[in-house]
Amino acid sequence: MIPRTIDEIFEHIEQMQGRMVTVRMSYVYILNDEITDLLNNNSNAEKANLSLHSDGPVSFEDILLKRVSTADEFNEWYKLGRKKRLEEEENNFDAQGKATTILTIEIECCEVKGDVLGDIKSSRM
């Protein structure tokens with residue numbers, strides 16, 4: 001379902017004219033208050049931290065927010081993340097069913113008129 005959704009998003013982006021669009025993704029695995037960045041290839045990477053903001057949003061500190069330009073690139077990173085998630089689950093067999101994964105997609109868009117950029121609109125899924 002996720003790869004098809006991403007294909008649709010990038011097809012829509014390709015049809016947009018006069019706009020600059022940036023797509024970023026993050027993918028984390030949470031178990032026992034430990035957050036693992038599934039897109040970080042650095043095996044020595046420290047565990048990420050969770051930030052709770054008073055106005056409601058939750059964000060992760062110290063995670064890779066990967067910029068992707070095509071649906072194929074997104075899907076390659078997503079496959080890498082899924083593979084690392086399965087490795088985490090195998091390493092934590094007792095925790096199966098107790099862990100959570102969160103895939104976040106951020107899209108920023110702004111109108112371009114000549115050399116002038118308009119307001120940036122952003123969305124997070």
Side-chain angles (χ1 to χ4, degrees):
M1 184 167 153
I2 291 172
R4 284 189 303 209
T5 302
I6 294 304
D7 288 343
E8 289 281 329
I9 288 171
F10 277 97
E11 283 177 21
H12 184 72
I13 289 170
E14 287 175 13
Q15 295 173 6
M16 297 173 75
Q17 296 192 4
R19 297 184 187 273
M20 185 172 70
V21 180
T22 303
V23 179
R24 294 181 188 90
M25 67 182 294
S26 64
Y27 198 15
V28 297
Y29 176 86
I30 304 172
L31 174 65
N32 297 332
D33 297 328
E34 286 191 7
I35 302 168
T36 302
D37 184 349
L38 296 174
L39 300 182
N40 191 337
N41 287 328
N42 183 355
S43 60
N44 296 326
E46 296 198 20
K47 298 293 181 184
N49 294 308
L50 181 68
S51 290
L52 301 172
H53 302 279
S54 60
D55 58 350
V58 174
S59 63
F60 301 103
E61 298 174 6
D62 307 319
I63 64 161
L64 179 65
L65 195 56
K66 180 68 182 157
R67 184 176 179 167
V68 291
S69 301
T70 66
D72 289 339
E73 184 180 8
F74 178 96
N75 289 325
E76 286 301 313
W77 281 102
Y78 180 63
K79 285 179 192 175
L80 172 74
R82 284 189 0 202
K83 179 181 175 190
K84 285 183 72 174
R85 185 193 79 207
L86 292 173
E87 290 169 2
E88 287 287 333
E89 288 175 351
E90 287 174 3
N91 293 337
N92 299 297
F93 184 75
D94 294 342
Q96 287 185 346
K98 299 176 186 174
T100 299
T101 55
I102 300 174
L103 173 67
T104 304
I105 303 163
E106 293 183 2
I107 302 173
E108 290 182 346
C109 179
C110 72
E111 214 170 325
V112 179
K113 293 183 180 177
D115 292 341
V116 179
L117 298 177
D119 293 335
I120 296 174
K121 297 177 183 177
S122 64
S123 177
R124 179 183 277 188
M125 300 179 262

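Quick caveat, the model's predicted, so the values are computed rather than measured. Index from 1, following the sequence.
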Using modelled atom types only, decide if a donor and an acceptor are shared between the side chain of Lys66 and the backbone of Tyr27 within a distance under 3.5 Å. no
Would the distance check show the side chain of Asp37 and the main-chain N or O of Leu64 forming a donor-acceptor pair, the cut-off being under 3.5 Å? yes
CD1/Ile30 to OG1/Thr36 distance, rounded to the nearest 0.5 angstrom? 9.0 Å
Heavy-atom side-chain proximity of Val28 to Leu38 below 4.5 angstrom: no
Partners meeting side chain to side chain donor-acceptor pair (under 3.5 Å) with Glu73 (sequence neighbours left out): none
With a 4.5 Å heavy-atom cut-off, do Glu106 and Val23 have their side chains touching? no
Lys84 NZ to Thr101 OG1 distance, which is reported to the nearest 0.5 Å: 13.5 Å
Please find the pair of heavy atoms, one from Ser26 and one from Ile63, that lie closest to each other, and give the distance. CB-CD1, 3.6 Å
Can you check whether Val21 reaches Met16 side chain to side chain, under 4.5 Å on heavy atoms? yes
Under the side-chain contact (heavy atoms from CB on, under 4.5 Å) rule, what do Arg124 and Ile105 come out as? Steps first, then yes or no, please. CA-CA 6 Å; Arg124 179 183 277 188; Ile105 303 163; over 6 Å; no
Side chain proximity check, Ile102 to Tyr29, heavy atoms < 4.5 angstrom: no
Using 4.0 Å as the upper bound for N to carboxylate O, is an ion pair formed by Arg85 and Glu89? yes
Give a yes or no on whether Phe74 and Leu65 share a hydrophobic cluster (residues Ile, Leu, Val, Met, Phe, Trp, Tyr; joining criterion: side-chain heavy atoms under 4.5 Å apart). no
For the hydrophobic clusters of this structure (ILVMFWY residues joined by side-chain heavy atoms under 4.5 Å, transitively), does one cluster hold both Ile120 and Val68? no
For residues Ile9 and Met125, determine if any side-chain heavy atom of one lies less than 4.5 Å from a side-chain heavy atom of the other. yes
Are the side chains of Met25 and Leu103 in contact, using a 4.5 Å heavy-atom criterion? yes
Rounded distance [0.5 Å steps], CG in Leu86 versus CD in Glu90: 6.5 Å
Salt bridge (Lys or Arg N to Asp or Glu O under 4.0 Å) partners of residues 1-29, not counting sequence neighbours, each pair once: Arg24-Glu108
Gap between atom CZ of Arg82 and atom CD1 of Ile2 - 0.5 Å precision: 8.5 Å
